[in-house]
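For ligands, and for the atoms within them, numbers begin at 1 and follow the listed sequence.
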Amino acid sequence: MSVLSDETPAQTSIQSATSGDAAVKISGPGNDSPALQQSKGLDPAAATQAWLDSVPRDKREKSDAYFEGGYWLLLWNYLVAAGISILLLSSRISAWLRDFSERLTRYRTLRVAWYSIAYLLLVYVLSFPLNVYEHFVREHQYGLATQSFPAWFREQLIGLGITLIGSTIVLIVLYAVFRRAPKMWWIWGTGVAVVFSFVLVFIAPVFIEPLFNTYKPLTKPEVSEPILAMARANQIPVKQVFEVDASRQTTRISANVSGILGTTRIALNDNLLKQCTIPEIREVMAHEMGHYVLNHGAKLLTYLGIFVLVGFALTRILFDAAVRRWGDKWGVRGIADPAGLPLLALIFSTLLFLATPFLNTVVRVTEREADAFGINAAREPEAMAKVALKLGAYRKLNPNPLEEFIFYDHPSGRARIRMAMDWKAANLSAGDGSKSEPQNRKQTED
Ligand SMILES: [Zn+2]
């Protein structure tokens, strides 16, 4: 957590830290401090500040505005979702949809399926204006999107199709649980949520991601070889690294690990490939390998299970209380009644909204672990700092600690650069065994 503490403004000696880099040339206000002249040690705080100061003000203001706009979108998305739920309940549209499904068929599973599809479509349509603003208009305003509206909308429809199929299956199973265990559904329901999340993560690289992008093995040996060497050094059984054509949708640089068990795949996007040097690519890929080696997929699924269990337990209490009070008015009979789905969504999205800082922190901590793994595997502190600045195109570089706690699902640029500079200042040797005395080693072993 030391990264979150603010650096003292007095420390502004920009040292050999960033020698040879553009960042060194831009110095802070304490530039004329005598400490600067010939000190050998690197001051990580000052070096971090020097990197941050190297970003032109207009660029910084733009990415700050983009990222801070995201804070408000979090609120707007919640309000829109809550508003839709309340509308469907209080207007009795939800009850009407349920009644209609009961007239259509006597099979409960089909009733749930019919209700689910109608509900999901209604929610999609009602939240469409905000969706267009957030994911199309705003992305273009900030120069982050590359798609025309028809291309974007086509992908929206594919996504909607996947959501309709996947969510309907999940809801059919969940409502079967609600009918059989109206009191204990929150425990069984958590099991269902975890199993489906696992399946989703497992099949995503094989069945879902190819619907949006093309993944192909990275062929350039000058890029793939250094990456594969790192993989071998860290016991990662990959034969190839993948390149994904993310430039179809966005100008962002990124890489990812997806899948679990047999479907795990490490891929870097083509923007990264175009905009970054080999050391920077190594640094990013080392971070992704960190996710793999540290088993983050399984860990995050476990945390998810805990969050869902607590969330469902609270949802059960709140749902029953709401039905006792407003059930007649809304035409909702109980947990096993599909007409109560908007109420479930309202309660769960409220809990999710309130839990935002905790969920972000859980993810950010694993990201920080991957960063720590990455810097040790790639040993490229300069490159790590440069990548952090490039990611600063869409993530505010220097938030205050509270902001970072609430809104950041990755460490901020400042935190990442500070980690790189701390690593560099520690000046670790490459582990040349010939330098250590055998006698000393014996002593430490005792
Ligand atoms: Zn990551």
Side-chain angles (χ1 to χ4, degrees), residues 1 3-4 63 67 70 144 197 200-202 204-205 209 213 215 218 227 230-231 234-236 238 241-244 246 249-260 263-273 275-276 279-304 356-381 383-397 399 404-405 407-420 422-423:
M1 293 300 276
V3 193
L4 293 182
S63 71
F67 200 74
L144 294 168
S197 303
L200 183 67
V201 176
F202 185 76
E209 286 165 11
N213 289 95
Y215 287 75
L218 191 61
I227 297 170
M230 263 191 323
N234 291 288
Q235 309 295 304
I236 299 172
V238 289
V241 176
F242 287 84
E243 176 188 347
V244 53
Q249 291 100 355
T250 178
T251 60
R252 289 170 158 87
I253 62 163
S254 78
N256 69 76
V257 187
S258 60
I260 199 161
T263 64
T264 311
R265 169 173 68 193
I266 294 181
L268 58 89
N269 85 17
D270 54 351
N271 296 321
L272 180 90
L273 218 49
Q275 294 172 30
C276 293
E280 289 164 17
I281 292 172
R282 282 186 70 237
E283 180 57 41
V284 173
M285 296 316 277
H287 167 101
E288 301 305 331
M289 288 175 191
H291 284 309
Y292 178 88
V293 172
L294 300 170
N295 216 2
H296 282 164
K299 281 179 193 162
L300 286 172
L301 267 179
T302 309
Y303 303 150
L304 177 89
T356 303
F358 303 101
L359 294 169
N360 277 341
T361 295
V362 164
V363 177
R364 192 177 63 249
V365 166
T366 59
E367 290 297 337
R368 194 170 153 71
E369 288 171 6
D371 275 351
F373 180 94
I375 185 75
N376 282 299
R379 301 157 189 234
E380 303 274 13
M384 184 174 177
K386 284 186 210 163
V387 170
L389 292 184
K390 285 180 181 168
L391 294 171
Y394 57 88
R395 194 178 288 136
K396 189 177 177 181
L397 274 171
E404 186 157 3
F405 169 70
F407 297 112
Y408 279 62
D409 61 0
H410 279 70
S412 67
R414 188 202 58 230
R416 290 183 135 163
I417 295 171
R418 181 61 192 264
M419 180 189 276
D422 281 339
W423 190 93

Chemist: Counting neighbours of OH on Tyr215 that are heavy atoms of other residues, nucleotides or ligands and sit closer than 6.0 Å, is the number greater than 12?
Modeler: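 More than 12 within 6.0 Å, yes.
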Chemist: Among protein atoms, how many N/O/S atoms lie less than 2.8 Å from the Zn ion (ligand 1)?
Modeler: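 Protein N, O or S neighbours of the Zn ion (ligand 1) under 2.8 Å, waters not counted, come to 3.
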Chemist: To the nearest 0.5 Å, tell me how far Leu300 CG sits from Thr366 OG1.
Modeler: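 Leu300 CG to Thr366 OG1: 4.5 Å, rounded to 0.5 Å.
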Chemist: Quick one: does Leu273's side chain get under 4.5 Å of Leu218's, heavy atoms only?
Modeler: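 Leu273 vs Leu218: side chains touch.
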Chemist: Could you tell me if Glu367 and His287 have a donor-acceptor pair between their side chains, going purely by distance under 3.5 Å?
Modeler: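 Checked: His287/Glu367 side chains pair up, N/O donor to acceptor below 3.5 Å.
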Chemist: With a 6.0 Å cut-off on the ring centroids, do Tyr408 and Phe67 count as close?
Modeler: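 So the answer is yes for these two rings.
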Chemist: Taking Glu283 first and then Lys386, would you say they form a salt bridge - that is, a charged N and a carboxylate O separated by under 4.0 Å?
Modeler: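 No.
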